[in-house]
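Accompanying notes for the structure given below.
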Amino acid sequence: MTATEPRPRTRRKPGGPTVRRKQGGPTVRRKQGGPTTGRGPGFAVRLHGRTAEGVPRWAVRAAYATSLTVLPAGLWRVLSVDFRVPLMEAPSDGRPPPAWFGGEWWYVIALSVVSEALAFLAVGLVSQWGETWPRWVPRLGGRRIPVLAAVVPAGLGAAANTLLWPYAMTMISLGYKIDGTVGAASRPHGWRALVFYTAYWPLAAWGPLLAVLTVHYYRRRRAAEAAGTARRAPVPGGA
C-alpha cells in the first residue's frame, strides 16, 4: 500500500464479523447472524402468490380463511369413506351403508380436491394473479384480467354458497333433511356428531366471506382504474 492510497475502511457491528470495504467500491451489507445474499420469496408467497397492491391485512386473512373453510369437510369425507375411519354410525337396522360408499373411492377424493380448488380461488381476489393472467396461460399471459371477469363468477359462487350451506347445516343440526322432511339420514351422535359438525359447519362461512372479498375486490380495482385514468388525463391549460 502506497502512502497516497487510501486505507480501507473497517466497520464492525457488535457481535458480528468485520467487513472491509474499499473506498469507491460496492457496499456490502451483512445482517447479524444471516447470509449476505438476499432471500427468495417465502413459502406463503410461493403457495398463494404475491399480495396485490393496496390490499389490507384483514382481506388477506379473510381470503386464507375462505380457502380453509372446505378443508375439514374434505378430510372428513376421505377419512370416513376411503379410509373407513368410523366417523359415521352404522344404520340401526343393520343394513350396509349406501352402495357408493367405498365403491368409487376416486369420486370422494375428486370431490374434495375440486371443492378445495374452488375455495382457493378466493385468494386470487387479494393476489396479483387475480388481477393479471399468469405468464403460462396461452394468449392471455401477462394481460390484465377484466374486473367483471372475476367479479361475476365470484359473486355467483358467493350467492350459491350463502344460500346452500347455512340452510343445509341448520336443517341437519335440527334433525331435518335438506328437503324439510323429518329425520336426517344417518345423523351422527356423541363424539361423531361433534366431529361431523366441526368439519361441516365452516362451510357456512364460505359464501359470506367470499361475498365480502368480492365487493372489496370490485371497489379496489375500480378505484385503481379511476386513479389511473385521472393521472393520464390532460391538465387544463397545459402545453
Side-chain angles (χ1 to χ4, degrees), residues 47-49 52 55-56 58-82 87-88 98 100-101 104 106-131 133-134 137 140 145-188 193 195-222:
L47 181 63
H48 296 130
V55 176
W58 68 263
V60 177
R61 293 176 177 174
Y64 291 162
T66 305
S67 66
L68 295 177
T69 55
V70 182
L71 183 61
L75 292 176
W76 186 94
R77 286 192 297 267
V78 172
L79 290 175
S80 60
V81 177
D82 291 326
L87 300 178
M88 295 182 292
W100 67 272
F101 273 44
E104 302 292 350
W106 56 266
Y107 168 78
V108 177
I109 296 179
L111 176 62
S112 302
V113 171
V114 171
S115 300
E116 182 60 38
L118 291 175
F120 180 78
L121 292 177
V123 180
L125 298 175
V126 298
S127 303
Q128 292 180 353
W129 59 268
E131 299 182 5
W133 292 105
V137 177
L140 297 176
I145 299 176
V147 177
L148 294 182
V151 169
V152 171
L156 293 176
N161 285 291
T162 301
L163 293 175
L164 173 62
W165 289 113
Y167 168 79
M169 293 309 303
T170 300
M171 297 295 287
I172 294 174
S173 299
L174 295 177
Y176 294 91
K177 297 181 181 179
I178 297 179
D179 59 4
T181 57
V182 180
S186 302
R187 184 185 181 190
V195 175
F196 174 79
Y197 294 130
T198 301
Y200 270 84
W201 260 110
L203 289 170
W206 186 2
L209 285 174
L210 183 57
V212 173
L213 290 171
T214 302
V215 173
H216 176 265
Y217 177 89
Y218 176 81
R219 297 181 63 182
R220 179 173 57 81
R221 290 287 307 275
R222 287 302 190 195

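- Between F196 and I172, the closest side-chain pair of non-hydrogen atoms falls below 4.5 Å.
- Using modelled atom types and a 3.5 Å distance limit, the side chains of W201 and S173 yield a donor-acceptor pair.
- Closest non-hydrogen pair, P72 versus A199, comes out as CB-O, 3.5 Å.
- Note on ring orientation: taking the six-membered ring where Trp is involved, the planes of W129 and F120 are parallel (angle under 30°, cut-offs 30° and 60°).
- Remark: the backbone N or O of S112 is not paired with any side-chain donor or acceptor of S115 at under 3.5 angstrom.
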Side-chain donor-acceptor distances from residues 204-219 under 3.5 Å, at least two apart:
residue: T214; atom: OG1; partner: L210; partner atom: O; Å: 2.7
residue: Y217; atom: OH; partner: G130; partner atom: O; Å: 2.7
residue: Y217; atom: OH; partner: R221; partner atom: NH1; Å: 2.5

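- Between V78 and L75 there is no side-chain heavy-atom pair separated by less than 4.5 Å.
- No more than 12 heavy atoms of other residues, nucleotides or ligands lie within 6.0 Å of CZ in R61, so this atom counts as exposed by the packing criterion.
- When all heavy atoms of I145 and A149 are compared, the pair lying nearest together is CG2-CB, 4.2 Å.
- The two residues L203 and T69 have their closest heavy-atom pair at CD2-O, 3.7 Å.
- Listed here is the closest heavy atom pair of A59 and V126: O-CG1, 3.7 Å.
- Here the closest heavy-atom approach between residue R220 and residue A52 is recorded as NH1-CB, 3.8 Å.
- Judged by distance alone, with hydrogens and angles left aside, the side-chain atoms of T162 form no donor-acceptor pair with the main-chain N or O of A159 at under 3.5 Å.
- Using a 4.5 Å cut-off on side-chain heavy atoms (C-beta onward), Y167 and I178 make contact.
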Steps toward side-chain contact (heavy atoms from CB on, under 4.5 Å) verdict (W76, M88): CA-CA 10 Å; W76 186 94; M88 295 182 292; 3.5 Å; yes
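- The distance from atom CD of E116 to atom CG of L68, rounded to the nearest 0.5 Å, is 6.5 Å.
- In this structure, CD1 in I109 is found 11.5 Å from CZ in R77, a value given to the nearest 0.5 Å.
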